[in-house]
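Throughout, a chain's letter reflects where its sequence line sits, starting with A, and its residues are numbered from 1. Worth knowing before you read on, the calculation uses all heavy atoms, side chains too, and leaves out hydrogens, waters and symmetry mates.
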Amino acid sequence: MTRLLSVNMEATVAVILFGVGFTMLLLHRNLIKKIMGMNIMDTAVYLFLAAKGYIDGRTAPIVVDGIQETSAYINPVPSGLVLTGIVVSVSTTALMLALTKRLYEQYGSLDLDEILILAKEEEEKRT
Amino acid sequence: MSIVQNFPFFSIILAMFSGIVSSILPGKRARNVSLIMIAATTALSFAVLCFCIRTGESYTYMMGHFPAPWGNEIRAGVLEGLTASMFGVVMFLSVLGGVNYTASDVERSKLNLFYIMIDLMLSSLLALVYTNDLFTAYVFVEINTIAGCGLIMIRQKRKSMSAAIRYMIMSQLGSGLFLIGLSMLYDVTGHLLMSPARESVARIMAGESYVIPMLVILAVISVGLAIKSGLYPFHYWIPDTYGYATPTASAVLSGLVSKGYIFLLIKIFYRVLGENFVIGSHLINVLYCFGVAGMVMGSVHAIAEKDARRMIAYSSVAQIGYIYMGIGLGTEQGMVAAVFHIFTHSITKALLFISAVGLYEVSGGRTDYHSLRGAAYRNSLAGIGFAVGSLSMVGFPMLSGFISKLLFAASALRCPGKMLPTIIVLAVSTTLNAVYFLRLVITLYSRQQGSEKDPEGEAKERKRPASGKSSWMLRLSILCLIGLNLFLGLMSRPVIQAITDGLAMFD
């Protein structure tokens, strides 16, 4: 068991990091920390992908010195997926940060529970 | 190769391109572009449906220059064509019906942004329906989330901001799980395209290796998509989100977006993991239990609501529960019933949200039960629309809700272990549905006490000048949605046949 975990060290670390990020995004009350959790979660997935695409003793799939055989290079697909994933997570992070800024301007707080209570009170005042 | 085979790609790219063009157009033009585009993509999807029914088989369409195991693919069959056309129709009618309300809810200078979000939403929904590649599905899931969040927050009033952040957080949890599930699946199978991945999964299953990883993949992907579609224990973002967005956004989000994720889940079950593995694992029972719990708890929450919009939103929780219950039955009939209920619910929910717009218009824009009293007399067509939608949700014969309940019950009868709980919960949930929907319908059709109604109501009506002038759009969309509901209820046989054929084509 321990041996398997240490052989797949990158995957183990990635899953632990994913758990940390997921829990932060789910349970933390502070919005900024939630966004940080989201980023940790996404980065963990990229670590997982990059580790799985790496083949021991090979190099990045960029042709130098005229070597053309595929056996010289690592699997390029996971790297491509990581790039796409980074683009996606940057845009969602930007959107979340913009929303957080608007919420802070509106309610003067970064605490999601407090914001929800304030929003509810505002709603009750209207009706 | 027939020209029709290009249409799925055309419809996705058309929707995305009109979103880009709309960014430099003024609001009204953007709206017209959006409406024309939705109509055009619906026609294209319908052509795909007819083509697939005629040829009787599905086809894959190569994107780019790399053939199957490496490149990207689109796949179209009867079920994809049918779902895409249905999504297009519902989207068109929701946008058309909510036009005036959208124009008054959204800042003038930002109106085109709303329609950009609608365009992107449709494009991502179509891509989710048609794609044959798992990572493309993930990217479009994210586009869908961002567009959905935009649709919620563009109202910028009251609780819509906090609703948007909640929606975003829950969606991110869901897509994070979905992404790690995909990565693990890629790790185990070495493929991202659905068909080669399916072959690898079959080989792995036959060799009985990777038992636990496959189970984890199944669980993580199902839970991720269940969070995003708002299955019961993960439903807390639903009432605020659907309750405080503009009616068009609510109709689109509850009628289409959650269905897009469920459709993707069904597709992954059938086309990647294989239905034998999915049914053989016990996870399907978990989905079943959550679905059953959602059917009851969603209705209980809805009964407690005093606001019409939030009540309709909570009823979505119950209806999503029905769909997951159908998937959880683990039989072919159960799946057919679930897909049929996807159509029923998207049409009926759009009808409810849109006809409720007509009722708020004549009640001074207020949405609580008290103000809506007697609203059906002030706007008779909207009242009829709302009554039809409610009866359909309750399961009144002739309407589509009846057929889906019948299908659920019939499929439960062939499922020995789950027969009794399914039938009991169906009965309980139907009764609860009747309690809250009919209570609102009766409120709508009860005369207001005294004569204080008219002066105030009419004064407020005049404040919304657009409502009198062009409410033909609202009327038309209510009429069409009622017609569709009756169509699904009275002539369900061809639709059920198409769903059965489409599911058979998934293999």
Heavy-atom donor-acceptor pair, Ser6(A) side chain to Arg3(A) backbone, under 3.5 Å:
yes
Just by modelled atom types, is the Asp119(B) backbone N or O under 3.5 Å from a matching donor or acceptor in the Ser123(B) side chain?
no
Are Lys101(A) and Glu105(A) ion-paired here, with the side-chain N under 4.0 Å from a carboxylate O?
yes
Side chain from CB out, backbone as N, CA, C, O: work out which of these in [X] comes under 4.5 Å of a heavy atom of chain B, or both, or neither.
X	value
Leu31(A)	side chain
Phe22(A)	both
Ile115(A)	side chain
Leu112(A)	side chain
Leu26(A)	both
Leu49(A)	side chain
Met96(A)	both

Kindly state each residue pair satisfying ring-ring contact (aromatic ring centres under 6.0 Å, His included) with at least one member in residues 35-60 of chain A, sequence neighbours excluded.
none
Chain A contact via Leu192(B) - side chain, backbone, both or neither, heavy atoms under 4.5 Å
side chain
Under 4.5 Å from a heavy atom of chain A, the part of Met161(B) involved
both
With no hydrogens and no angle check, just 3.5 Å: does a side-chain donor-acceptor pair link Thr92(A) and Glu142(B)?
no
Any luck finding a side-chain donor-acceptor pair between Thr145(B) and Lys228(B) under 3.5 Å?
yes
How long is the gap from CD on Glu199(B) to OG1 on Thr189(B), to the nearest 0.5 Å?
11.0 Å
I need the residue from Pro78(A), Ser91(A), Gly85(A) with the largest number of non-hydrogen atom pairs under 4.5 Å to chain B.
Pro78(A)
Given Leu179(B), Ile143(B), Asp240(B), Val139(B), the one with more heavy-atom pairs under 4.5 angstrom with chain A than any other is Leu179(B)
Does Met36(A) CE have over 12 foreign heavy atoms under 6.0 Å away?
no
